[in-house]
**Student:** 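I'd like to ask you about the structure that follows.
Position 1 is the first residue of the sequence; numbering continues from there.
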Amino acid sequence: MIHVQPDTKHGEQAVRGRQTVQVRRIYDEPSAGDGVRVLVDRVWPRGIRKDAAAIDEWLKDVAPSTELRKWYGHVPEKFAQFEARYRDELEQPAARTALEHLRTLAKRDTLTLVTATKDVDHSQAAVLARRLQEPQ
């Protein structure tokens, strides 16, 4: 699990000092400290029933495009390039709106970005968690 907390000593991040964004796999047991759980994958996770998913929202618009996801293929050596391309995609209107929605959720409660990815450190959810901690 990735757990990101902002540096509370610098500028705008100090205002969001209590904000917690974390990343978990959808296959892991939910935790009482998860707060709002948002699935950030474009494709529904294999083997999970929608009525048993333990998520509050499914936000497809913030997920990487199908083309980018297929290109990346979760190959760790491609992660830096994936992250750069994904950050570019997050500037598209639908993705920006979804990202702002995540920011709003994170200001209210702990935000847990949920993904089916096995390697959460090299996932879009990890990129999103870091992006949400950056000044706007």
Side-chain angles (χ1 to χ4, degrees):
M1 175 177 70
I2 292 176
H3 181 79
V4 179
Q5 288 184 309
D7 175 358
T8 58
K9 296 178 185 171
H10 299 12
E12 187 174 308
Q13 289 186 349
V15 175
R16 297 188 318 241
R18 291 181 306 274
Q19 177 177 324
T20 299
V21 178
Q22 56 190 9
V23 176
R24 294 182 55 118
R25 294 191 70 222
I26 196 163
Y27 303 104
D28 296 337
E29 276 299 311
S31 167
D34 282 352
V36 179
R37 293 170 51 93
V38 179
L39 179 63
V40 294
D41 291 349
R42 189 166 300 275
V43 177
W44 188 261
R46 208 177 272 176
I48 299 289
R49 291 187 344 261
K50 289 186 179 176
D51 63 341
I55 60 168
D56 297 296
E57 291 185 43
W58 181 15
L59 199 56
K60 294 181 207 178
D61 286 340
V62 79
S65 66
T66 300
E67 296 79 19
L68 181 57
R69 183 176 48 82
K70 287 182 178 181
W71 170 83
Y72 174 45
H74 300 284
V75 176
E77 293 78 21
K78 292 182 175 181
F79 185 69
Q81 194 172 7
F82 166 77
E83 181 170 6
R85 290 180 180 185
Y86 180 41
R87 284 176 171 268
D88 287 344
E89 286 190 357
L90 289 172
E91 296 303 317
Q92 300 301 314
R96 284 183 69 102
T97 299
L99 191 59
E100 286 309 310
H101 177 65
L102 290 175
R103 284 186 197 285
T104 300
L105 294 173
K107 288 177 184 174
R108 294 183 193 150
D109 197 354
T110 297
L111 174 63
T112 300
L113 304 175
V114 180
T115 182
T117 306
K118 288 180 184 176
D119 182 358
V120 295
D121 292 332
H122 296 100
S123 70
Q124 79 277 4
V127 174
L128 279 172
R130 286 191 295 274
R131 180 68 182 93
L132 287 166
Q133 297 299 327
E134 296 168 359
Q136 296 179 36

**Student:** Okay, side chain of T117, backbone of D119: is any donor-acceptor separation there less than 3.5 Å?
**Tutor:**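 Checking the backbone N and O of D119 against the side chain of T117, no donor-acceptor pair under 3.5 Å is found.
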**Student:** To which residues is L39 joined in a hydrophobic cluster, defined by side-chain heavy-atom contacts under 4.5 Å among Ile, Leu, Val, Met, Phe, Trp and Tyr, whether direct or through other members?
**Tutor:**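 Grouped by the 4.5 Å side-chain rule, I26, Y27, W44, I48, I55, W58, V114 form the rest of the cluster around L39.
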**Student:** With a 4.5 Å limit on heavy-atom distance, are the side chains of R87 and R131 in contact?
**Tutor:**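 Yes; the side chains approach each other to less than 4.5 Å.
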**Student:** Could you report the tightest heavy-atom contact between R25 and V120, atom names first, then the distance?
**Tutor:**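 The pair with the smallest heavy-atom distance is CG-CG1, 3.6 Å.
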**Student:** For R103 and L132: C-alpha separation, side-chain torsions, deciding distance, then whether side chain to side chain contact (heavy atoms under 4.5 Å, CB included) applies.
**Tutor:** CA-CA 6 Å; R103 284 186 197 285; L132 287 166; 3.6 Å; yes
**Student:** Minimum heavy-atom separation for E57 to L105, with atom names?
**Tutor:**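 Result for this residue pair: OE2-CD1, 3.7 Å.
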**Student:** Hey, what do you get for NE2 (H101) to CG (L59), rounding to the nearest 0.5 Å?
**Tutor:**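 CG of L59 is found 6.0 Å from NE2 of H101.
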**Student:** Check whether any side-chain heavy atom of R85 lies under 4.5 Å from a side-chain heavy atom of Q81, and answer yes or no.
**Tutor:**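 In contact.
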**Student:** To the closest 0.5 Å, what do you measure between CG (D109) and OG1 (T104)?
**Tutor:**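 So the CG of D109 and the OG1 of T104 are separated by 13.0 Å.
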**Student:** Apply the test side chain to side chain contact (heavy atoms under 4.5 Å, CB included) to residues Q133 and V21: give CA-CA distance (whole Å), side-chain angles for both, the deciding distance (0.1 Å), then the verdict.
**Tutor:** CA-CA 8 Å; Q133 297 299 327; V21 178; 3.1 Å; yes
**Student:** Measure the NZ-CG distance between K107 and L102 for me, rounded to the nearest 0.5 Å.
**Tutor:**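 So the gap between those two atoms works out to 12.0 Å.
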**Student:** Would you sort out whether E91 and R96 count as a side chain to side chain contact (heavy atoms under 4.5 Å, CB included), showing the intermediate values?
**Tutor:** CA-CA 6 Å; E91 296 303 317; R96 284 183 69 102; 2.5 Å; yes
**Student:** Nearest 0.5 Å, please: how far is CZ in F82 from OG in S123?
**Tutor:**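 Spacing of OG (S123) from CZ (F82) equals 7.5 Å.
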**Student:** Which of these passes side-chain contact (heavy atoms from CB on, under 4.5 Å) with T20: T112, T110, L111?
**Tutor:**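 It is T110, the one option of T112, T110, L111 that forms the side-chain contact (heavy atoms from CB on, under 4.5 Å) with T20.
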**Student:** If you count heavy atoms of other groups shown closer than 6.0 angstrom to CD of E29, is the number above 12?
**Tutor:**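 Count not over threshold, so no.
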**Student:** Using a 3.5 Å cut-off and no angle test, enumerate the donor-acceptor pairs between side-chain atoms of residues 61-73 and protein atoms at least two apart in sequence or in another chain.
**Tutor:**
unit_1: S65; atom_1: OG; unit_2: L68; atom_2: N; d: 3.1
unit_1: S65; atom_1: OG; unit_2: E89; atom_2: OE2; d: 2.6
unit_1: Y72; atom_1: OH; unit_2: H122; atom_2: O; d: 2.7

**Student:** Taking all heavy atoms of A125 and all of L113, pick out the closest pair and write down the distance.
**Tutor:**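 Nearest heavy atoms, A125 then L113: O-CD1, 3.5 Å.
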**Student:** Testing the basics here: between L128 and L99, what is the closest heavy-atom pair and its distance to 0.1 Å?
**Tutor:**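 Nearest heavy atoms, L128 then L99: CD2-CD1, 3.8 Å.
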**Student:** Does A116 offer a backbone N or O that forms a donor-acceptor pair with the side chain of D41 under 3.5 Å?
**Tutor:**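 Yes, because the side chain of D41 sits within donor-acceptor range (under 3.5 Å) of the backbone of A116.
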**Student:** Around atom NZ of K78, are there more than 12 heavy atoms of other residues, nucleotides or ligands at under 6.0 Å?
**Tutor:**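 Atom NZ in K78 is crowded, with more than 12 foreign heavy atoms closer than 6.0 Å.
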**Student:** For the pair E83 and R130, find out whether any cationic side-chain nitrogen is under 4.0 Å from an anionic carboxylate oxygen.
**Tutor:**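 Yes, E83 and R130 are salt-bridged.
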